[in-house]
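For reference, the structure is listed below as structure tokens.
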Amino acid sequence: MKDIREDIAWAKINQDVLKSLENPRKLYWVILFVAIAMLGVALGCEVYQYNVGMGVSNMDNPHMWGLYIASFIFWIGMSHSGTLLSAILHLMHADWRKPIYRFAEAMTTFSLMTAGLFVAVHLGRVWQIYYALPYPNERGAWPNFQSPLLWDAMAIFTYLSSSIIFLYVGMIPDLAICRDRMHEGWRKKLYTLLSLGWEGTDRQWRNFRVTYLTVACFLIPLAVSVHSIVASDFGMSQQPGWHITSFPPYFVAGALYSGCAAIITLFIILRYVFRFEEYMTLPILKKIVRLTFAIAMVWTYLNAVEFASVWYSHDQASKDVLIQKASGTYAPFWWGMIFCGSVVPLTLAFKRIQTNIPVLFAVSLLLNLGMWLERWMIVAPTFSHGIYPWTWDHDQWPSFVQWGMVFGSFGWFTLLFMVFCKVFPSVSMYEVKEMVYHRSQESKRLEETGKFAAAGKGAH
Amino acid sequence: MMDSGFDRRDFLKVMGWSGAAVALSGCGNTSIEDGKETLVSYVEAVDYQIPGVGVYYNSSCAQCDAGCSINGKVREGRVLKLEGNPASAINRGKMCGLGQAGVQHHYNPDRLREPLLRNGGSGETITWEKAYALISEKLKGVSGEEIAFLSGVVSGHLKVLLGNYLSSLGSKNHFVYEALAPGVVRAANKKAYGVEMPRYNISKAKVVLSFGADFLGAWVSPVHFSQQYAQFRKGVDGQRGVLIQVEPKMTLTGANADRWVPIRPGTEGILALGIINALGIATGDIAAAVKGYDKARVSKETGVPPGHIDKIAAILKLRSPSLVLAGGAAEGYAHGSQNAAAINLLNHVLGNVGKTVEASAAVPFPQMAPAKGNTAALKSLNDGLAEGKYKVLFNYAANPVFTAPGAMKFKDNMAKAGFKVAFAHYMDETALQADLVLPLESALEDWGTQVPEYMAEGAQINILQPLMENVHPNTRSIGDILLALLKQSRAEEYKNYEDFYAYLRSALVQNKAALGGHAMDEDAFWNETLTKGIIKLVGTTAALSGKAGISGLKLPAPAEIDEQYPLQLIPSVNISLRDGRHTNQPWLQESPDPLTTIVWDSWMEIHPKKAAELGIVEGDIVEITSRIGSIKTQAYLFPGIHPDAISVPIGQGHEAMGRYAKGYGVNPLKIMDAVFDRETGELAMHETRVKVSKTGQRVIVVKDESAAGAKQIREKIAGRVYTDNVDLTKEV
Amino acid sequence: MSISNLLENWSKFRHTHPVDDKPHDPYKWAMSIDLDACSGCNACSVACYAENNLPVVGKEKYAHGQVMHWMRIEHYWDEDVGEEGGREFPDQGAQFLPMMCQQCEAAPCETVCPVGATNHTEDGLNSQIYNRCIGSRYCSANCPYKVRYFNWFNYPTTDNVWPAEMVQQLNPDVTVRGKGVMEKCTFCVQRLRAAEVTAKSEGRLVHDGEVQTACQQACPTSAISFGNLVDQESRVHRQWRAQQVELDKDKQAKDDHEEPSELRGYRILENMRPYPSVMYLERVRESAI
Amino acid sequence: MHRFLRITVLLTGLFAAFSIYAAESQQSVPMTEDSLGPLVEQPIEFPHNRHAGDADKGGMQINCMYCHTYARRSAVAGIPPLQKCIGCHQSIESVRETPRIKKLFEYWEAKKAVPWKKVHDLPDFVRFNHERHIKRFIEQQNRPFQEVCGYCHGNVKEMTVARRSKGLTMGWCASCHQKDHTVVAEGGTPIGTQAYWYTFYKPEVEDASAGVLKAKGPNDCWRCHK
Amino acid sequence: MSQRHLLALYSNFNEAEAVVEELRSTQIKGFDVDKDLIVKSPIEHPEVEEFLGDKPVRVQWFTLGGALMGGLLGFFLISAAQGNFYAQFKGGKPIVPFPPNFVLTYEMFILGGVFITVLGFLICAGLPARRSPLYSANVSEDQIGILVKSDESAANTLKAIFTKHHALEIQEEAGR
């Protein structure tokens, strides 16, 4: 189990990472093609739905929301891991985040973009979406600021723009490297433009450090607020199964959970596809896995809290919804969620699994499936068993259009992510340098003071 | 009116599309446009026609035979909505769903537009002149006996004209057929009260005991009875009326009853006699005759618990006056007349005759009184057709190919007639068999008079007048057609009448003195008549003459259960589809059956207990087999039906009649036995025995109620209180 | 301007409705439905189709639950019918209940609409602005009564919904809704507005009975009464008063009675505090039978 | 450092300007105020200026309401029936042979309606009530017809074929609705502020004894969109 | 007087530090350590700041201003928009309800904070910047560059110091 070598040459870091930007392997093209094909499916579905009407999704009264909203939450949730790795761990000076935070941050951005698409897909009249934007207009009419959906829009806009900015700002020194190392061509022009003339001067670094830290500080509460607001889409309503006080922390925990699971998946894929074995090392993976395990347990706990508070409350309608989740039409999916979300992560407690890449890959996919099911199980059962008995237990199954759109969203995400990986360095070069520099300094210091052995950190 | 040389119809012209635009897609045109849409105004206008403001015309509803008066809202020459005319004593401004769907009859896209002549398997469009010539040619050399005219209920001037036409042909063969007519009850009433249909004063009764009379749903004059029912529920001095409904399959009325008593099908008469016995107030031969009907026996034979019989008797005894009604479920047997007689006897015993069963008025023009339809007429027509007696068959407002029981084989017999003419609105099953199909104007385009069979207060003649110009220009009024045909033989006599309108107008205006307009000049009278839409008359009242008699009353013991066909088929009457005449009106198709909330389809109601026995669950496609044939439909578990019976609603299962009717559901009449009431010869609707078997297929029942069934578990949605606690006198 | 407007009207902007204030003057449209009179005949529902240009969706879409009836007739059987040990037959009949938008004073649907397409009007209605709606369907998700209906398809262009002839029947006063917008019972707002305008032009208020909703007008048993709750003389006001149902309470006199109350007026799901404008009168059944 | 300051000030200024615009934009009136809408081709080029124009310009000064008579009785203004045109023109021999009048009589003799094109065509979901506006401003306040009609229709008396001259957009409508208009009680009976209940902003009583109020137009969406 | 730019590259921070120390201790005419010295490094290195001495960072002020402005603007814009002409009750809540406005204010606070911080960063760090007169691509790889600007007369002295500390490469260019 090798961690990053402390004596690795900085030039090699540049070389290795920059190599990933060029000459894609065949596998890359295969993945890209599959992603585009998946996106094509979604586009086809959307064209059909746009032309014919929302009814083709099989939604109905009372099943007003379906997989679109569930997937929306799923993708929003996924975005939280990037913030976790780049902002929270940054503040905590956990240096192992450095080789992996860039792609996590990119994941944040792209999953937010995917989530945003679901809002559009969900709307009955997407061509009028601008009505929901608070911009001064001739009509003099404003959107309804009381609506949690508007908070959502606002929060997502803030989060997306802040994430892009954070990603970009953090990437400027790397872009400068690219600018310096790339051959002439469109890439060089792009990097020259984007690197804003970064030269690594002391003044730039000084301001950079403060800025990066400040934005990180903003991002943490922002990330928490975003998913709390998504939770309030449900929590603010009066519907049984939604009107639950513990929803905001539950959603945030779920978000971090699915994000971490996604990071594991992408970690493994990137490590393999771009041959980043040297940077995305197993000790780092192990740390993420442990983090995931911890969050899984938090999520499980919050889930239990939700059930308990419903169960011991006098809100019979909510109780009915819970019973119906566990025994009604949705029971297989609900139990699937419990299994994937609470049982499967228990395997992560085993040390051998923590570094077993094939198993971890499978587990991470299962966790993501569980988290997707969780979102669906939040949205759908309340509709089929709301307060009003006349509409109870009306069965509804999402049509191929809904499934196609969900399927395609993964393609869209993959497409964006794959393109990103080829255009921008998916490992932060300057930070890996910092990391190995500080580590070597540290070990040197320890060696000098003769405490090397005592520290017991034979990272090699 | 203006003397501009335009006749009234010109003002009914549809104004151009955009006088006040109907926004077909309110979300389509989203910007300000200049010069894209066309505005069309009237060439000539009258004062009361203002674009954007509705004009109301009074007319009459022709959706069923109850004779409600309507108030049609017309905008820019298009009729938009039918509302009740408050001046009518029958509906007092109210309308049922069926009546309101009249506009969909009018605007139905499947209406016939041109006269059609059969040409092999298909219809060939011909001109009216050619059609008339053809009829005249076919009638040549055919004797009056060989001509048959089948119609639904006709009344008023149309009936007169039709009578004249038939007499001009020398035919006496006018068959008036109505599939769901209360023929047996009429006959029993005639015996018991001296009139076929007395006035039932529900609002005066303190207790209504109804044996299967669905007076809130589809029986006789439901809108009128519904209003009476509302008053009856409010009661007199806060004494709320009590409704007890005895029937094997819950009807809408049963669903509103304080006590719904499921009874073994066909034993209604026994229960009636049992109640008379339990009342113990009968004397003389009645008392003697009912002596045998003690509680134990009645309970055993009818399946009604003895406690119920006691309670019913007690409440009837305590609260007077009451009212006992005999309706559909009681009369549909071979011994239907006996059942009805026994039930009517109860009214006599309780002393309700003269109190809640009152004499009804009739219009003083007997020639205009409705020709009441029944099913016995169908039988004799069918027999005649089977013998090949008729060479020419006219058909108007009846669809026997659809409604006649399968056992009659009406379609085959009809083919034996040489030349069949159908006057029809739609290409329905019967019109499909005709050789010549003549398209009719809708009731909202036509002139006419209507005399309701059931008069609410006094007597009235309803006026039908056009609310707008013809949707399809080549359709004609049935009156115009008859007039044209009459002119073929009696041109001289009718030469003064250019069209039916002229005939009608002169007929009414000539009698204006008798119609309450003696002081007015002709135009004033005519205008007032059209404005009001109703001519109210004092009417002649035939006193109730019948008396309580039990002689000849013989009730058979309940039928043994047939091993092969163990279940009784109840073809139930849906409140909006009735006999299937209006199935093609989409509002009615989409309007859920009140008890099952099923739409756009047929279903079989079966008691959950029986269903469990047979292993049937909701949505199972079952095959219902009688001696005649079998039908397949979905099962619906319905607690409001006797376990020995199943029920399939009438009205669906059309094989023709256009896009909204064809291919939906099944027609239970197809498997109906031709059993007739022994006294009246009326078709016994409930005498078909069937067996039910699963086919193994299952569907999701298309219904409005929740999949789990209509139960409120915890939240209070629909509340209920008992009369102990309420004080209706304090209510507004 | 806006900021000054904000400051000028600050206290008004901070009122909570209907608890803090009762701004409904001179009109508050309300309804009461006597379930004892309601026979469940569906006439009201058909009248609604006729008045409000409701599309007929057909069997397939009905099966999908995409029906558009603004007014639906619900029926409930007694809980114990067909249950183990319960009654074999529903021998006290069904409990019919016409259900449509309850025009809540504090409607849960209004707050959640992202574009403000549904609002509380000054005459106490819950408005639905089709052209503003973007189809997020949040309102329906949050409606406790589930009486909001969404245009899943573009019904004006769907086959057999309004064939050429039937287009002529459409009420020009009511917008025909295209795909992707929410709709619901409006208390026949086109009629209300016409009556209000006429009355105003004549310098008076709408008097009781001058305006009827389509369902009320059709109802053969006159179970529905509708009118201005502010008008002390209106039938609906007198009914509400007699039943001691108050618009701005979430608990009525009836709910405080220990004994079965002689009052039978109630509002559905009142405890969720939407303050509905429709009072139902409980169905009555004879105790002696 | 000067550069920073300049940029900062510039950006702050832009942001502030945007904010003020955002805050005030509700008051804005569309730009189409004075420009005319497209010329609409009509079957007969009806010369409004000949009929309604001032006498000194050769007009007949006919009141708008004489022909557009439905406007005061209905929500929609409608188009006068052909009969109305003929009613006058039958006896005006002088122009009887002009091409336009000939065309008019052709329609009349064929008993065909003239297919006029709609000039002021609001979106289908907007319901403007002519009657109320006429009652409010003409009948109650005795303002001149041409002024009141002109609020929305522009100076028609100087046009031949009518052309749209106002924005007719929602913001444009609201710009008038949110003004405080002076009103006196209608129908002769003062019924107090109740009559103007329909906005959130309640009317102010200006002169209680005379029943004079200041009130805004309706702000309820369901007034115009239903 | 003509100016000259010199860029010296070093392989590690210690050497660079030593150079700076020496430059600081040596008085060279026409060269001011605090003004004319720029250290370019491939990574952010706190020691560089230490040996260059305390230099103020002003980004935080932008942050403060941006966040406050975002928050205030958010609240007032939203409240003003809510109280527009079309103000109508929604769900019985006040026209200007606080809880939603606080949520949105919070978001606007962050939005303003982030945007203006980054704006501040660009301003304070002088980005986007024109390329400085002397630059080596090695700086973005693994070498530390020391860029100095001096009078022509001082160039040789500086070069000597650079060479003394094992400069890997010295670039030289006439300045403006």
Side-chain angles (χ1 to χ4, degrees), chain B residues 20 22-28 75 78 80-81 83 94-97 100 103 107 109 216 223 226-227 229-230 233 242 255-260 262 311 315 471 575 586-587 590-591 594 599-600 608 639-640 659 702 704 710-712 717-727 730-732, chain C residues 36-37 39-43 45-47 49-51 56 59 62-63 72-73 75-77 79 81-82 89-91 93-95 97 130-131 156 160 163 165-166 168-172 175-178 217-218 220-222 235 238-239 242 260 262 264 266 268 282-289:
Chain B
V22 173
L24 220 202
S25 178
C27 305
R75 276 272 300 263
R78 301 186 299 275
L80 301 181
K81 187 168 183 294
E83 281 153 12
K94 299 301 183 185
M95 281 292 268
C96 65
Q100 304 205 51
V103 283
Y107 289 121
L216 295 177
V223 178
S226 291
Q227 290 172 58
Y229 167 79
R233 282 307 200 191
V242 181
N256 283 292
D258 290 280
R259 181 63 67 185
W260 178 74
K311 273 188 178 172
I315 201 162
V471 176
I575 60 162
W587 288 342
E590 193 127 317
S591 153
V599 290
W600 289 100
R659 64 195 81 180
V702 181
D704 197 42
K711 279 191 185 170
Q712 41 180 343
I717 305 296
R720 179 169 69 199
V721 288
Y722 285 92
T723 45
D724 294 347
N725 301 318
V726 291
D727 183 359
K730 283 189 191 159
E731 287 189 4
V732 179
Chain C
D36 195 34
S39 71
C41 70
N42 258 330
S45 180
V46 177
Y49 270 79
E51 175 73 18
V56 169
K59 187 180 178 186
Y62 206 117
R72 57 176 189 239
I73 307 297
H75 66 256
Y76 295 100
W77 302 114
E79 278 94 280
V81 171
F89 300 107
D91 54 2
Q95 307 184 39
L97 179 109
Y130 309 123
N131 48 304
N160 296 337
E165 293 89 344
M166 284 197 183
Q168 303 194 47
Q169 187 272 324
L170 295 175
N171 187 351
T175 306
V176 176
R177 284 78 59 187
Q217 193 175 20
T221 57
S222 307
R235 182 176 150 81
R238 285 182 290 133
Q239 277 181 312
E262 65 180 27
R264 53 192 192 104
Y266 71 103
I268 295 174
E282 281 179 310
R283 193 183 66 154
V284 185
R285 282 296 172 259
E286 179 61 43
S287 347
I289 186 79

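Every chain is numbered from 1 and lettered A, B, ... according to where its sequence line falls, protein lines coming before strand lines. Keep in mind that what you see is a predicted model, and the values were worked out from it rather than measured. Computed from heavy atoms alone, side chains included, the values below leave out hydrogens, waters and symmetry copies.
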| Under a 4.5 Å cut-off applied to non-hydrogen side-chain atoms, are B:Pro109 and C:Met166 in contact? | yes
| chain B: which of C:Gln239, C:Arg238, C:Gln217, C:Arg235 shares the most heavy-atom pairs with it under 4.5 Å? | C:Gln217
| task | Heavy-atom distances under 4.5 Å only: say whether C:Tyr266 touches chain B with side chain, backbone, both or neither. | result | side chain
| remark: Rounded to the nearest 0.5 angstrom, the CD1-CZ distance for C:Ile289 and B:Arg259 is 6.5 Å
| field | Segment of B:Pro608 engaging chain C (4.5 angstrom heavy-atom cut-off) | value | neither
| message | For C:Ser287 and B:Thr723: C-alpha separation, side-chain torsions, deciding distance, then whether side-chain hydrogen bond (donor to acceptor under 3.5 Å, both in side chains) applies. | response | CA-CA 6 Å; C:Ser287 347; B:Thr723 45; 2.8 Å; yes
| remark: Heavy atoms of C:Ser39 and B:Leu216 approach each other most closely as CB-CD1, 3.9 Å
| request: Sort C:Leu97 into side chain, backbone, both or neither according to what part of it lies under 4.5 angstrom from a heavy atom of chain B. | output: side chain
| remark: In short, C:Arg283 meets B:Ala255 closest at the heavy-atom pair NH1-O, 4.1 Å
| In terms of ring plane angle, is the pair C:Tyr49 and B:Trp587 parallel, tilted or perpendicular, where the classes change at 30° and 60°? | tilted
| task | Give the minimum heavy-atom separation between C:Gly40 and B:Pro594, together with the two atoms involved. | result | O-CB, 3.2 Å
| If every non-hydrogen atom of C:Glu165 is compared with every non-hydrogen atom of B:Tyr107, which pair is closest and at what distance? | CB-O, 3.1 Å
| Taking C:Gly93, C:Ala43, C:Pro220 one by one, which has the highest count of heavy-atom pairs under 4.5 Å against chain B? | C:Pro220
| field | Structural part of B:Glu590 lying under 4.5 Å from a heavy atom of chain C | value | both
| Does a side-chain heavy-atom distance below 4.5 Å link C:Pro172 with B:Leu80? | yes
| task | Determine, stepwise, if the pair B:Arg720 / C:Arg285 fulfils side chain to side chain contact (heavy atoms under 4.5 Å, CB included). | result | CA-CA 7 Å; B:Arg720 179 169 69 199; C:Arg285 282 296 172 259; 3.6 Å; yes
| task | Report the distance from atom CZ of B:Arg75 to atom CG of C:Asn171, rounding to the nearest 0.5 Å. | result | 7.0 Å
| message | Which one wins on heavy-atom pair count under 4.5 Å against chain B: C:Val46, C:Val56, C:Asn42? | response | C:Val56
| message | Ignoring hydrogens, what is the shortest heavy-atom contact between B:Gln100 and C:Ala218? Give both atom names and the distance. | response | NE2-CB, 3.0 Å
| request: First locate atom CG of B:Asn256, then atom CG of C:Asp36, and finally report the distance between them rounded to the nearest 0.5 Å. | output: 9.0 Å
| said: Does any part of the side chain of B:Val599, heavy atoms only, come nearer than 4.5 Å to the side chain of C:Lys59, both counted from C-beta? | reply: no
| message | On a heavy-atom basis, which atom in B:Tyr229 and which in C:Ala37 lie closest, and how many Å separate them? | response | CE2-O, 3.6 Å
| field | Contact class of B:Val721 relative to chain C, heavy atoms under 4.5 angstrom | value | both
| task | Could you have a look at C:Ser45, C:Ala242, C:Ala50 and say which one has the most heavy-atom pairs with chain B under 4.5 angstrom? | result | C:Ala50
| CA sep, side-chain torsions, deciding dist, call: B:Ile315, C:Glu286, side chain to side chain contact (heavy atoms under 4.5 Å, CB included) | CA-CA 10 Å; B:Ile315 201 162; C:Glu286 179 61 43; 4.2 Å; yes
